[in-house]
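Heads up, the thing below is written out as structure tokens.
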2 protein chains.
Amino acid sequence: MTQPPPKFRREPAEQRKEALILAALALIAERGVRGATVRAIADRADVTQGLIRHHFSSKEDLISAAYAFHMSRMTNLTASPNIAEGASAKARLAAFVATGLNPPVVDPASVSLWASFLNKVREDERMRQIHEQTYHDFRDRLEGLITDALAEAGITATPSRLRQLAIASNAVIDGLWMEGGALPNAFEPGELPEIGLQSVGAIIGIDLQKTGSQP
Amino acid sequence: MTQPPPKFRREPAEQRKEALILAALALIAERGVRGATVRAIADRADVTQGLIRHHFSSKEDLISAAYAFHMSRMTNLTASPNIAEGASAKARLAAFVATGLNPPVVDPASVSLWASFLNKVREDERMRQIHEQTYHDFRDRLEGLITDALAEAGITATPSRLRQLAIASNAVIDGLWMEGGALPNAFEPGELPEIGLQSVGAIIGIDLQKTGSQP
DNA sequence: TCAGCAATTATGCAAGTGTATAATTAGAAA
DNA sequence: TTTCTAATTATACACTTGCATAATTGCTGA
């Protein structure tokens, strides 16, 4: 007697939750939050819809988890320095800017996800906190890099001015990121990081483009 | 015999269409596209739902019209020069930047609307065209102002460089606009235009802040 | 090997969705 | 006043939605 093949596989909870989150994110990016129905998500994850309610207390709960997951993923993407430890502060800042303006950070799906979540962020308190913290994390890292680069160049700046430089640089990066994702064909490859480096450099008063990777 | 009061008012088609569009926009800004159901829109416009189908061939049609209406409204808001005819090019550029970074252009509802529509833009060809044209209109106006301001200051720049300066300046404005709308409490009043003027000035190499309104 | 538990499926429901279609009726025109 | 038409309401239908509940079933530990 041969056994009939199993009708489904049991997965550890954490693993299945992540699979459901990934399916939700893919659908939200493709069709917006409204296209990410419980049934569509379950379908994409090759699972029946009841399972979602078993792992998440509600659809809102899944969406929140997906948002947190996505934001953390984006943070990790931009966090990876990708540059030698001993590099100059200027080189590190330049690398940070360039990373945020190249794939995979610049990506239509990412921008689409960001936009889809923005509305929920305004309603849901938990989401608002994730949003604010991610934004400030990114800006604070930027401010730190700017501070170091200025010090390295022998330029002094008040904390208030450093804050403004960080806000402005962050705005350039965000703006370019957004436009690059929303209008993927409007820019040449490499144009976004080039403009970004040039502009952040002009704002803080340091040329970031002619940067050898060596210290 | 007194006549019973009329049970409803007949409005000219264009007027009712605009009322329906405004109701739709208000709902989308408040609750996102998913909250803007046919019934909710009709309710807010003090009308029964059937009327929507009489004036628009489908809900999609209404949403498209609302998007075009909103974009045109935003364009008009930023287009109003609000500054004397004979003003210097520098002053006109500064006024343009400041207008885009103050209310009512900077506004949570506007950002929310923009985000809500972004997904639809990727699917719907008609919406994509509206989006691209609005973006390029704004950027082209910016490029014209930058060109004039540079010429006025005796600075020459290649067309390619002018394009890059416009993209960069546009990105700063967009980024600040977005952050100001998404995190209304994260910035002091007047901080956004201040940073915007400072940054655009640094990017193009002209101080835009110490600008008397006189030519 | 087998008992028990949690992961998974199966089924159904009540509310809300966009849309269609027919019945009213306000208001201008004659 | 009466007619006529387009604006408006009224009603209903088929479908989707999130959620609940009960019935299975894969797997692990004794």
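Within every chain, numbering begins at 1; the chains are lettered A, B, ... in the order of the sequence lines, protein sequences first and strands thereafter.
Applying the ring pair (Phe, Tyr, Trp, His ring centres under 6.0 Å) test to A:Phe138 and every residue at least two apart in sequence or in another chain returns A:Phe96. B:Phe56 pairs by the ring pair (Phe, Tyr, Trp, His ring centres under 6.0 Å) definition with nothing, not counting sequence neighbours. In terms of the ring pair (Phe, Tyr, Trp, His ring centres under 6.0 Å) criterion, residue partners of B:Phe117 (sequence neighbours excluded) are, by chain and number, B:Tyr67.
Sorted by first and then second residue, the pairs that involve residues 56-70 of chain B and meet salt bridge (charged side-chain N to carboxylate O under 4.0 Å, His left out), not counting sequence neighbours, are B:Glu60-B:Lys120, B:Asp61-B:Arg126.
Projected onto DNA chain C by closest heavy-atom contact, A:Pro12 and B:Gly35 fall at different nucleotides, the more 5' of which corresponds to A:Pro12. Taking the nucleotide of DNA chain C with the nearest heavy atom to each of B:Gly50 and A:Thr48, the more 5' of the two is matched to A:Thr48. If A:Thr37 and A:Ser57 are placed on DNA chain D by their nearest nucleotide, the residue sitting closer to the 5' end is A:Thr37.
Between A:Arg16 and A:Ile21 there is no side-chain heavy-atom pair separated by less than 4.5 Å.
One atom, CD1 of A:Ile63, and another, P of D:dC19, lie 10 Å apart when rounded to the nearest Å. Between the P atom of C:dA10 and the CG atom of A:Leu51 lies a distance of 12 Å, rounded to the nearest Å. Across the protein-nucleic acid pair, B:Ile41 atom CD1 and C:dT17 atom P stand 11 Å apart, rounded to whole Å. Whole-Å rounding puts the A:Asp43 CG to D:dT16 P distance at 13 Å. The interatomic distance linking A:Glu11 (CD) with D:dT25 (C1') rounds to 15 Å, in whole Å. Computed from coordinates, the A:Ile52 CD1 to D:dG18 C1' distance equals 10 Å when rounded to whole Å. Computed from coordinates, the A:Leu62 CG to D:dC19 P distance equals 10 Å when rounded to whole Å. In this structure, the CD atom of A:Gln15 is 13 Å from the P atom of D:dC27, given to the nearest Å.
Within 6.0 Å of the CD atom in A:Gln133, the count of heavy atoms belonging to other residues, nucleotides or ligands does not exceed 12. Atom CZ of B:Arg73 is surrounded by more than 12 heavy atoms from other residues, nucleotides or ligands within 6.0 Å.
With rounding to the nearest 0.5 angstrom, the OG atom of B:Ser199 is 8.0 Å from the CG atom of A:Leu165.
Of the side-chain N and O atoms in A:His55, none sit less than 4.0 angstrom from OP1 or OP2 of C:dA6. For B:His54 and D:dT8, the shortest distance from a side-chain N or O to OP1 or OP2 is not below 4.0 Å.
The base of C:dG16 is not paired with the side chain of B:Arg39 by any donor and acceptor separated by under 3.5 Å.
Listed in residue order, the members of residues 16-27 of chain B having a heavy atom less than 4.0 Å from DNA chain C come to none.
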Q. Which is it for A:Ser116 and B:Asn119 under the side-chain hydrogen bond (donor to acceptor under 3.5 Å, both in side chains) test, yes or no, and what are the steps along the way?
A. CA-CA 7 Å; A:Ser116 297; B:Asn119 295 307; 3.0 Å; yes

**Q.** Step-by-step side-chain hydrogen bond (donor to acceptor under 3.5 Å, both in side chains) determination, B:Asn170 to B:Glu143
**A.** CA-CA 9 Å; B:Asn170 187 41; B:Glu143 185 171 330; over 6 Å; no

Q: At under 4.0 Å between heavy atoms, which parts of nucleotides 24-30 of chain C does protein reach? Answer with one letter per nucleotide, 5' to 3': B base, S sugar-phosphate only, - none.
A: -BBS---

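If you check every strand for non-hydrogen atoms under 4.0 Å, B:Gln49 touches a base.
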